[in-house]
Every structure is written in C-alpha cells, then in structure tokens.
A.B. asks: 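Once you've had a glance at the structure underneath, I'll fire off some questions.
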Amino acid sequence: MATHPLKASALALAALLVVSCQTTGKDAAPLSAHHVPADDNLNAVLWMQRSAEYTAVVEGVYRAATAQLDTALATPGDALLPSERGSDDPNLPPAIVVDIDETVLDNSPYQARLISTGREYHDSSWEDWVGEAAARAIPGAVAFAREAQARGITLLYVSNRSEQSKAATLQNLRAVGLPVKDEQVFFGLGLEVPGCTGKRSEKRCRRLLASQHYRIVMQLGDQLGDFLEVPHNRPFERQQLVEQHAAYWGQRWFMLPNPSYGGWESALFNNEHQQPRAWRRESKRKQLLDGTKQEN
C-alpha cells in the first residue's frame with residue numbers, strides 16, 4: 001500500500017531530525033558548511049573578499065594618498081599629533097607610518113576560517129595564520145608603496161602583530177612586493193620603548209619612537225588607534241576624536257575600511273570581550289539606530 005505524500009514527508013523530516021541529533025553531541029565531527037550557525041561577520045568578510053565596491057574604495061583611498069605624497073613632503077611639519085612627536089627636526093628622513101592588517105595585508109581568509117568553523121579570534125590561531133605568511137596585498141597598497149619609495153620615503157610598519165611574528169611578517173610583506181628597507185621598519189606589539197609606557201595594543205609609544213628617527217609625513221590605517229591615542233574606547237568619544245582632528249583626514253591621514261573587527265566593535269559592547277558571544281551580540285543590537293532614539 002502506497003504511503004500518503006504528506007505522511008512520507010513527515011517521516012523524512014523525522015528521520016532528518018534523528019540524524020541531526022545524533023551528529024551534534026560532544027564527539028560529533030565538525031559541522032559542515034551547511035550547518036554552521038549564523039555569524040555576525042559573514043557579510044563583512046564577504047564584502048571585503050567578493051564585492052567590487054570594496055576594491056573600488058581601497059583603490060580610491062590609495063590613489064588619493066598617492067596624490068598627496070608630494071604635498072606631504074613639501075609641507076612643513078608632520079602627520080603626528082604634538083603629544084606623539086619625538087622630534088621637531090625638519091631634516092630627519094621622511095617616512096610613512098602604515099598599519100599592516102587590513103591596511104596593506106588582507107587577512108580575510110583567517111576571518112573566513114573562523115566563520116566556517118564557528119570559532120572566534122584566538123591568539124594561537126592568529127599566530128598560526130601569520131606564520132603561513134600567505135596574506136595577499138590590499139588592492140592599491142603596493143602601487144602606493146612603490147610611489148612613496150620612488151620619492152625616498154621609508155615605510156614604517158607599526159603593527160599589533162607580535163614582535164615574535166616579525167620574521168614571518170617581513171617575509172609576507174616582501175612576498176607581495178611591499179618595500180621593506182631593513183629589519184628595523186617593523187614596530188610590533190611588545191616592542192619596548194624607553195621612557196614610554198602604554199596599554200598593550202596602544203601604538204602611541206611606537207609612533208613616538210619612530211618619530212625620533214624619521215619625519216612622519218603621512219599615516220595610513222584601518223583603525224582610529226592607528227593614527228592617535230584613544231583614551232576611552234566609547235562610540236561618542238571616538239566620534240569626537242574624528243571630528244576634533246578633521247583637518248588631517250584626506251591630507252595626512254588615510255583610513256582604509258574594515259567592517260570585520262576593531263575598536264569600533266569593541267566600543268559597542270563596552271570592551272567586555274570576556275562576556276559570552278550572545279551577550280556581546282545583544283549589546284551590539286541595542287546600539288542600532290532606528291530613528292527613534294538619539295545617538296550616544
């Protein structure tokens with residue numbers, strides 16, 4: 001006797017649920033791509049990897065920065081705030097401070113791996129990725145760097161990659177064609193700066209050290225902290241810093257887009273990374289502006 005179509009569908013669904021329950025226990029194999037839970041970072045990473053718009057934006061930023069090179073060289077002063085200036089000597093050789101990750105090197109494959117496995121950032125998995133030295137160049141970065149090099153400008157890589165990852169990082173930079181003058185152009189996390197102390201990921205001390213040996217004519221990064229110190233990482237204060245230093249943007253400072261991670265995201269959940277993922281997500285949802293509440 002033939003089974004009624006609706007009953008057959010119900011039986012198939014029940015069987016699927018049984019299989020699903022059997023494969024989600026403690027000893028289950030990693031989830032397939034079809035069963036990975038929703039991830040806040042999916043659209044951001046896909047936009048950076050797959051959209052023509054991202055390529056257009058970063059190419060445009062680098063072309064704008066290239067157009068400002070001669071002006072930056074000819075204009076007295078530098079690209080640092082007075083509180084971060086280690087020397088006022090106008091005869092120091094020119095240099096540009098650049099961040100590495102999501103500024104000149106594309107680490108979206110690492111983010112993609114986290115999404116595919118349902119995991120979050122961890123120092124050990126990040127160091128493994130850095131050790132592969134496999135990141136590609138951000139579109140426009142190499143052409144910009146070569147134009148700077150042709151004008152006698154040294155690129156200084158002020159990064160929150162660890163000092164322990166220096167060799168792999170320099171290898172990766174060279175592999176994609178970015179100029180690395182010598183081993184002393186990498187200012188990584190953990191670099192000791194005599195007479196200056198700061199928060200672990202704060203770059204102020206390293207910019208201060210760099211400016212003792214070079215006249216910093218330009219800065220490029222993807223985070224606000226790549227350009228200046230951010231004393232209080234809260235949305236309102238971050239916006240105030242951007243507005244307070246508006247004259248630098250597009251002249252001495254050039255920001256690359258990074259919707260995937262950063263201080264902007266941490267600020268939305270009060271920098272409480274130790275909280276569960278669901279708690280942080282709900283905190284971010286509460287920050288959405290739907291036209292019925294004021295920004296703060």
A.B. asks: Who passes salt bridge (Lys or Arg N to Asp or Glu O under 4.0 Å) against R234, sequence neighbours left out?
C.D. replies: E237
A.B. asks: A side-chain contact here means heavy atoms from C-beta on lying under 4.5 Å apart; do R119 and S125 qualify?
C.D. replies: no
A.B. asks: With the side chain counted from C-beta on, respond yes when N41 and L114 share a heavy-atom pair under 4.5 Å apart, and no when they do not.
C.D. replies: no
A.B. asks: Less than 4.0 Å between a side-chain N and a carboxylate O, is that true for R206 and E192?
C.D. replies: no
A.B. asks: Is it true that atom NE2 of H273 has more than 12 heavy atoms of other residues, nucleotides or ligands lying nearer than 6.0 Å?
C.D. replies: yes
A.B. asks: Less than 4.5 Å apart, any side-chain heavy atom of V97 and any of F187?
C.D. replies: no
A.B. asks: Could you check whether any side-chain heavy atom of L256 comes within less than 4.5 Å of a side-chain heavy atom of Y62, counting everything from C-beta outward?
C.D. replies: yes
A.B. asks: Check each of E102, Q49, R113, R136 against S108 using the side-chain hydrogen bond (donor to acceptor under 3.5 Å, both in side chains) test, and report the only one that passes.
C.D. replies: Q49
A.B. asks: Please determine whether side chain to side chain contact (heavy atoms under 4.5 Å, CB included) holds for the pair L105 and L178, giving the CA-CA distance in whole Å, both sets of side-chain angles, and the decisive distance to 0.1 Å.
C.D. replies: CA-CA 10 Å; L105 290 183; L178 286 160; 4.3 Å; yes
A.B. asks: Using 0.5 Å steps for rounding, measure from the CG atom of L173 to the CG atom of L170.
C.D. replies: 6.0 Å
A.B. asks: Give every residue pair that meets the side-chain hydrogen bond (donor to acceptor under 3.5 Å, both in side chains) criterion with at least one member in residues 241-252, sequence neighbours excluded.
C.D. replies: Q68-Q251, Q239-E243
A.B. asks: Is the shortest heavy-atom distance from the side chain of W47 to the side chain of V45 under 4.5 Å?
C.D. replies: no
A.B. asks: Taking 4.0 angstrom as the limit, do E84 and R204 come out as a salt bridge?
C.D. replies: no
A.B. asks: Same cluster for V104 and L189 if Ile/Leu/Val/Met/Phe/Trp/Tyr side chains link at under 4.5 Å?
C.D. replies: no
A.B. asks: How long is the straight-line distance from CZ of R215 back to CD1 of I153, given to the nearest 0.5 Å?
C.D. replies: 9.0 Å
A.B. asks: How about L155 and K181: do any of their side-chain heavy atoms sit closer than 4.5 Å?
C.D. replies: no
A.B. asks: Work out which heavy atom in R161 is nearest to a heavy atom in V130; give both atom names and the distance.
C.D. replies: NH1-CG1, 3.5 Å
A.B. asks: Rounded at 0.5 Å granularity, tell me how far OG1 in T169 sits from CG in D101.
C.D. replies: 7.5 Å
A.B. asks: State whether R207 and D226 are salt-bridged, where the test is any N-O pair (Lys NZ or Arg NE/NH1/NH2 against Asp/Glu carboxylate O) under 4.0 Å.
C.D. replies: no
A.B. asks: As a quick check of understanding, evaluate side chain to side chain contact (heavy atoms under 4.5 Å, CB included) for W126 and Y110, giving each step before the final call.
C.D. replies: CA-CA 8 Å; W126 169 250; Y110 172 72; 3.7 Å; yes
A.B. asks: Checking side chain to side chain contact (heavy atoms under 4.5 Å, CB included) for the pair L156/F186: CA distance, chi angles, key distance, verdict?
C.D. replies: CA-CA 6 Å; L156 305 178; F186 177 75; over 6 Å; no
A.B. asks: Salt bridge or not for R174 and E183, using N-O below 4.0 Å?
C.D. replies: yes
A.B. asks: I'd like to know if the side chain of E132 and the backbone of A134 have a donor-acceptor N/O pair within less than 3.5 Å.
C.D. replies: no
A.B. asks: State, to 0.1 Å, how close D106 and A135 come at their nearest heavy-atom pair, and which atoms those are.
C.D. replies: O-CB, 3.4 Å
A.B. asks: So, do Q275 and F269 sit near enough that their side-chain heavy atoms are less than 4.5 Å apart?
C.D. replies: no
A.B. asks: I'd like to know whether N270 forms a side-chain hydrogen bond (donor to acceptor under 3.5 Å, both in side chains) with E272, so could you lay out the CA-CA distance, the side-chain angles of the two residues, the decisive distance to 0.1 Å, and finally the verdict.
C.D. replies: CA-CA 5 Å; N270 199 31; E272 296 186 49; 3.2 Å; yes
A.B. asks: So with a 6.0 Å cut-off around NZ of K284, is the heavy-atom count from everything else above 12?
C.D. replies: yes
A.B. asks: Quick one: does Q219's side chain get under 4.5 Å of F254's, heavy atoms only?
C.D. replies: no
A.B. asks: In Å and rounded to the nearest 0.5 Å, what is the OG1 to CZ distance from T55 to R50?
C.D. replies: 11.0 Å
